[in-house]
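Each remark here refers to the structure printed beneath this line.
Values below: every heavy atom of this structure, side chains too, minus hydrogens, waters and symmetry copies.
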Amino acid sequence: MNNTSVSISINFALINQSINRYAPIPLLLFGIIGNILNILVFTRKVFRNNICVIYFLSSTIFDSFVIVISLFPRLLLGFNIDPTQNSSVLCKLRFFITYYSGYSAAWFIGLACIERYLCSSIDIYKRQLVTMKRAYLSIIFVMLLGIFIYGEQFYCIDIHQQLFGAPQSCYQLKRNIQCQIVDSLMQFLFEILAPTLMMIIFGSLTLRNIRHRRNRRCYPAQTNNSSTLNPSSAIQQLGNPRNVNNQRIKRRDIQLVTMLLVQVIVFIISTFPISIYKLYSIGTIHETKSKLRQSIENTIFNISVISLFLNNIITFYINTLCGTIFRKELIRLFRPLQQIIYK
């Protein structure tokens with residue numbers, strides 16, 4: 001029976017090594033290319049003064065930190081050459097930057113949902129709450145709060161934890177139950193639960209605002225002025241450059257809402273496995289686990305982490321598929337290169 005358990009554990013060890021060795025390669029490739037293109041498009045002139053895009057850009061920057069600081073060492077771990085597994089300082093820094101960046105990226109998408117809700121409201125006072133100054137202040141607040149929340153990792157994370165059943169050397173202190181509970185709860189509450197609630201609540205309210213505004217356009221109030229409106233003046237209003245520009249801005253805003261809502265759906269799906277794992281690990285923290293059970297849990301942990309990375313990698317491809325204006329700016333981005341090639 002012991003030999004069977006050992007052989008099964010060895011098989012799980014090989015599975016985990018394969019996951020860490022091969023899964024990060026395409027994720028790194030698509031993630032780095034996608035996030036670079038995201039940054040290049042979002043910094044173009046057409047998006048420069050859009051507050052929602054500022055949140056998108058901030059989220060993309062922190063997504064890039066997650067990919068480079070966490071996913072690349074995971075690839076090295078698959079080949080047993082990850083320096084963060086042997087250096088206490090690098091281990092703590094890697095965990096802190098990974099959690100902090102993932103938390104920041106998620107919260108910025110949550111703030112973008114709040115911004116879209118306020119901007120889509122028919123209440124002028126709500127729309128006036130959205131300013132560039134408040135946007136930058138909210139970004140600074142989220143970043144400072146994250147430093148306070150995840151500061152515990154400089155104490156609760158260290159190397160050589162695989163000796164006590166951890167999935168890797170650099171992990172939570174397995175002999176300090178308080179640290180395991182606090183660290184797992186901090187990630188679940190602030191990186192996953194709080195942003196998810198923000199996205200769901202304000203995303204739903206944004207959709208309600210959009211439907212409400214569409215209904216108002218479908219059933220306009222009849223007034224004496226509108227009923228006796230001269231047809232020629234109506235044509236002039238439709239051709240007014242200001243009206244055309246306003247329509248273009250409205251189309252852009254609707255596309256941003258679509259991009260945002262799809263990102264919310266992807267975030268909820270990709271974070272679901274790690275959420276369940278974190279809750280499970282807290283609920284079973286006092287149980288004595290066999291080697292076989294630890295091996296199974298470590299494999300589930302690795303798969304859940306890879307799933308979590310999808311949220312940091314896929315945003316560019318969501319924007320390209322869902323945003324017409326994003327695709328147009330992406331094409332314009334490559335026009336100078338195209339002219340050089342075909343010159």
Side-chain angles (χ1 to χ4, degrees), residues 34-35 37-65 101-146 194-213 242 244-267 311-312 315-316 318-320 322-330 332-333:
N35 282 334
L37 292 176
N38 252 352
I39 292 171
L40 291 175
V41 172
F42 284 146
T43 51
R44 290 181 66 81
K45 187 177 180 180
V46 68
F47 292 124
R48 197 162 294 166
N49 295 320
N50 190 290
I51 295 175
C52 184
V53 172
I54 289 175
Y55 288 130
F56 280 166
L57 178 61
S58 302
S59 181
T60 299
I61 291 171
F62 280 96
D63 280 338
S64 303
F65 287 145
S101 299
Y103 146 88
S104 299
W107 272 69
F108 293 147
I109 296 300
L111 290 175
C113 289
I114 296 175
E115 187 269 347
R116 288 292 90 187
Y117 159 69
L118 294 174
C119 286
S120 62
S121 175
I122 61 174
D123 187 345
I124 189 172
Y125 296 105
K126 288 182 180 179
R127 296 200 301 270
Q128 287 176 346
L129 290 174
V130 181
T131 64
M132 198 68 69
K133 180 180 178 180
R134 287 193 176 102
Y136 286 121
L137 286 175
S138 64
I139 290 172
I140 293 171
F141 172 78
V142 167
M143 294 173 65
L144 292 176
L145 181 63
T196 299
L197 291 177
M198 271 199 301
M199 294 175 193
I200 292 174
I201 292 170
F202 289 100
S204 301
L205 291 174
T206 301
L207 288 176
R208 189 191 69 175
N209 285 345
I210 292 173
R211 283 197 298 267
H212 186 52
R213 297 183 76 166
R242 182 178 297 178
V244 172
N245 186 52
N246 289 338
Q247 291 175 3
R248 189 182 297 115
I249 292 173
K250 286 180 181 179
R251 286 197 299 269
R252 182 192 65 188
D253 288 345
I254 291 173
Q255 290 174 27
L256 289 175
V257 170
T258 304
M259 290 158 54
L260 179 62
L261 293 178
V262 176
Q263 285 190 44
V264 169
I265 294 170
V266 171
F267 177 83
N311 172 62
N312 308 111
T315 54
F316 165 75
I318 292 173
N319 297 336
T320 304
C322 301
T324 305
I325 189 169
F326 185 91
R327 289 196 298 271
K328 286 181 180 179
E329 290 303 314
L330 181 64
R332 288 170 183 163
L333 181 68

Distance-minimising heavy-atom pair for Phe267 and Ala106: CE1-CB, 3.6 Å
Within-4.5 Å side-chain heavy-atom neighbours: Leu57 and Thr43: yes
Check: Gln263 and Asn319 side chains under 4.5 Å, non-hydrogen atoms: yes
Parallel, tilted or perpendicular: ring planes of Tyr103 versus Trp107, cut at 30 and 60 degrees: tilted
From Cys119 atom SG to Tyr117 atom OH, the distance as rounded to the nearest 0.5 Å: 11.5 Å
Gap between atom OG of Ser138 and atom CE of Met143 - 0.5 Å precision: 11.5 Å
Nearest heavy atoms of Glu329 and Arg44, plus distance in Å: OE1-NE, 2.7 Å
Gap between atom OH of Tyr55 and atom CD1 of Ile114 - 0.5 Å precision: 7.5 Å
Ser64 side-chain N/O to Thr60 backbone N/O, donor-acceptor pair under 3.5 Å: yes
Any Asn35 side-chain heavy atom under 4.5 Å of Thr315 side chain: yes
Worked verdict on Val53 versus Phe326 for side-chain contact (heavy atoms from CB on, under 4.5 Å): CA-CA 11 Å; Val53 172; Phe326 185 91; over 6 Å; no
Straight-line distance of Leu261 CG to Arg116 CZ, nearest 0.5 Å: 10.5 Å
Contact check, side chains of Thr206 and Cys113, non-hydrogen atoms, under 4.5 Å: no
Worked verdict on Ile210 versus Ile254 for side-chain contact (heavy atoms from CB on, under 4.5 Å): CA-CA 9 Å; Ile210 292 173; Ile254 291 173; 5.6 Å; no
Separation between CD1 of Ile39 and OG of Ser58, rounded to the nearest 0.5 Å: 10.0 Å
Side-chain (Gln255) to main-chain (Ile325) donor-acceptor, under 3.5 angstrom: yes
Chi angles and distances behind the side-chain contact (heavy atoms from CB on, under 4.5 Å) call for Leu205, Ile201: CA-CA 6 Å; Leu205 291 174; Ile201 292 170; 4.1 Å; yes
Side chain to side chain, Ser120 and Val257, heavy atoms closer than 4.5 Å: no
Over all atoms of both residues, closest heavy-atom pair of Cys52 and Ala112: SG-CB, 4.2 Å
ring-ring contact (aromatic ring centres under 6.0 Å, His included) evaluation trace for Phe108 with Phe56: CA-CA 7 Å; Phe108 293 147; Phe56 280 166; over 10 Å; no
Rounded distance (nearest 0.5 Å) linking atom CD1 of Ile109 with atom CE of Met259: 9.5 Å
Ile124 atom CD1: more than 12 heavy-atom contacts under 6.0 Å: no
Test applied, side chain to side chain contact (heavy atoms under 4.5 Å, CB included); reference residue, Met132; option that passes from Ile51, Leu137, Asn50: Ile51
Among Thr258, Val266, Asn38, the one residue meeting side chain to side chain contact (heavy atoms under 4.5 Å, CB included) with Ile318: Val266
Nearest heavy atoms of Lys126 and Ser121, plus distance in Å: CD-OG, 3.4 Å
